Amino acid sequence: MSAGRFITLEGIEGAGKSTVAKFVAGWLGRYALPVRLTREPGGTPLAERVRQIVLERGAEPLSAVTETLLMFAARALHVQNAIRPALARGEWVVCDRFTDATRAYQGSGRGVDEALIEALAAAVHPDLTPHCTLLLDLPVSVGLARARARTGAGADRFEAETVGFFEKVRAGYLALARREPQRVHVIDASAPLIEVERRVVEVLARLQPQGVGP
Ligand code: Z5A
């Protein structure tokens, strides 16, 4: 059995992650590779319940640290019950957001201590880092316009955030890409979808899916 690979998609709201994640799954499927398409927060029944708690606009306040802990609680379930077993079976896991989202949203966006985030990452997924991260980058105004055309303004706690918040998140993501250029590939997501897909294929081809089929 060939080894699975772990591919993550990141970016601000409306960047096109869900759209591109489905494209990636379909593209890998052409090589007859087993693919598991999943997302965060969520990806298992219990983690999806945590997702509801963390995204809903309820009456009870949620501090930035609590939000961070909930993201990692969902991630711990997802890693243990879905991601690791899938990789062990030789599947290619395509995940819409992972720990880079916590670094960008809770770290850069909300100011949560980087040391806390890295300590939680080390506890929840030691020895597990994505093989490849596709960072779909675009101006905040474009991403928000796309997302809001679809769901309306302020549908969940994040969608209700300000442009300034998403600017900090975007800057956080770009800083991550500068720090880890081998893993994090920046893709201009303001381009037409066909162009975005072309760039994605260019990056994925380096993972040599054609050489690892069963
Ligand atoms: N979050 C966090 O804070 N910390 C964490 O650790 C994690 C998550 C894991 C999850 O919400 C929220 O949780 C997220 C961060 C936070 N909130 N925010 N922001 P979500 O999963 O519901 O929301 P999202 O991740 O932001 O997804 P999204 O809004 O659905 O955006 P998307 O997946 O990137 O976009 P899309 O649905 O693929 O595309 C949006 C629209 O644009 C759609 O109509 C497409 O047809 C269109 N589109 C896509 N690509 C193009 C191009 N290239 N051109 C034109 N139109 C396009």
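Note that ligands are numbered from 1 as they come in the structure, with each ligand's atoms numbered from 1 the same way. Being a predicted model, the structure only gives us computed values, none of them experimental.
- Taking every non-hydrogen atom of Ala101 and a distance limit under 4.0 Å, the qualifying atoms of ligand 1 come out as 4 (N), 5 (C), 6 (O), 7 (C), 9 (C).
- Looking only at protein heavy atoms, the nearest one to atom 35 (O) of ligand 1 is Gly16 N, 3.2 Å.
- Using modelled atom types and a 3.5 Å distance limit, the side chains of Thr102 and Arg75 yield a donor-acceptor pair.
- Atom 28 (P) of ligand 1 has its closest protein heavy atom at Arg150 NH2, 3.6 Å.
- Polar contact check, Pro41 against ligand 1: no nitrogen or oxygen pair lies under 3.5 Å apart.
- For atom 31 (O) of ligand 1, a protein heavy-atom neighbour is found at a distance under 4.0 Å.
- Of the options Thr133, Leu135, Leu176, a side-chain contact (heavy atoms from CB on, under 4.5 Å) to Val186 is made by Leu135 and by none of the others.
- Nearest to atom 25 (O) of ligand 1 among the protein's heavy atoms is Arg97 NE, 2.7 Å.
- Taking 4.0 Å as the cut-off, Arg75 counts as a neighbour of ligand 1 on heavy-atom distance.
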When you look at Asn81 and Thr44, which way does the side chain to side chain donor-acceptor pair (under 3.5 Å) test go after all the steps? CA-CA 7 Å; Asn81 298 331; Thr44 76; 5.1 Å; no
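- In this structure, atom 15 (C) of ligand 1 has a protein heavy-atom contact shorter than 4.0 Å.
- Looking at ligand 1, you'll find an N or O of Lys17 within less than 3.5 Å of one of its N or O atoms.
- Distances between N or O atoms of Leu55 and those of ligand 1 include no value under 3.5 Å.
- Atom 56 (N) of ligand 1 has Arg146 NE, 3.6 Å as its closest protein atom, hydrogens excluded (heavy atom only).
- Near Ala15, the atoms of ligand 1 lying under 4.0 angstrom from a non-hydrogen atom of the residue are 34 (O).
- Protein heavy atom at the shortest distance from atom 38 (O) of ligand 1 is Thr19 OG1, 2.5 Å.
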Hey, mind stepping through Tyr105 and Met71 against side chain to side chain contact (heavy atoms under 4.5 Å, CB included) and telling me if it holds? CA-CA 11 Å; Tyr105 279 79; Met71 292 297 176; over 6 Å; no
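- When side chains are defined from C-beta on, Tyr173 does not count as touching Arg103, because their heavy atoms never get closer than 4.5 Å.
- Without hydrogens or angle criteria, Arg51 side chain to Pro41 main chain gives a donor-acceptor distance under 3.5 Å.
- Heavy-atom contacts from other residues, nucleotides or ligands closer than 6.0 Å to CD of Glu118 number more than 12.
- Of the possible donor and acceptor atoms, none in the side chain of His131 sits under 3.5 Å from a partner among the backbone N and O of Ile7.
- Each of the following atoms of ligand 1 lies closer than 4.0 Å to a heavy atom of Thr102: 5 (C), 6 (O).
- A 4.5 Å side-chain heavy-atom check between Glu40 and Asp96 finds every atom pair outside the cut-off.
- Going from atom CD1 of Ile12 over to atom CZ of Arg146 covers 9.0 Å, rounded to the nearest 0.5 Å.
- Listed by number with element, the atoms of ligand 1 under 4.0 Å from a non-hydrogen atom of Ala189 are 53 (N).
- Atom 3 (O) of ligand 1 has its closest protein heavy atom at Gln106 NE2, 2.9 Å.
- In terms of heavy atoms, Gly43 sits closest to Ala82 at O-CB, 4.1 Å.
- No donor-acceptor pair closer than 3.5 Å links the side chain of Arg199 to the backbone N or O of Asp188.
- At distances below 3.5 Å, not a single donor-acceptor pair connects side-chain atoms of Arg5 with backbone N or O atoms of Cys132.
- Scanning the protein heavy atoms around atom 2 (C) of ligand 1, the nearest turns out to be Met71 CE, 3.3 Å.
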Kindly indicate, with the supporting measurements, whether the criterion side chain to side chain contact (heavy atoms under 4.5 Å, CB included) is fulfilled by His125 and Thr99. CA-CA 9 Å; His125 54 89; Thr99 296; 2.7 Å; yes
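- At the top of the distance list for atom 53 (N) of ligand 1, counting protein heavy atoms only, stands Ala191 O, 3.0 Å.
- Backbone and side-chain nitrogen or oxygen atoms of Tyr105 are examined, and one is located within less than 3.5 angstrom of a nitrogen or oxygen of ligand 1.
- The shell of residues lying under 4.0 angstrom from ligand 1, judged by heavy atoms, includes Arg51.
- Ligand 1 lies less than 4.0 angstrom from a heavy atom belonging to Gly14.
- At a 4.0 Å cut-off, not a single heavy atom of Phe72 sits close enough to ligand 1 to count as contact.
- The atoms of ligand 1 that sit less than 4.0 Å from any heavy atom of Glu40 are 9 (C).
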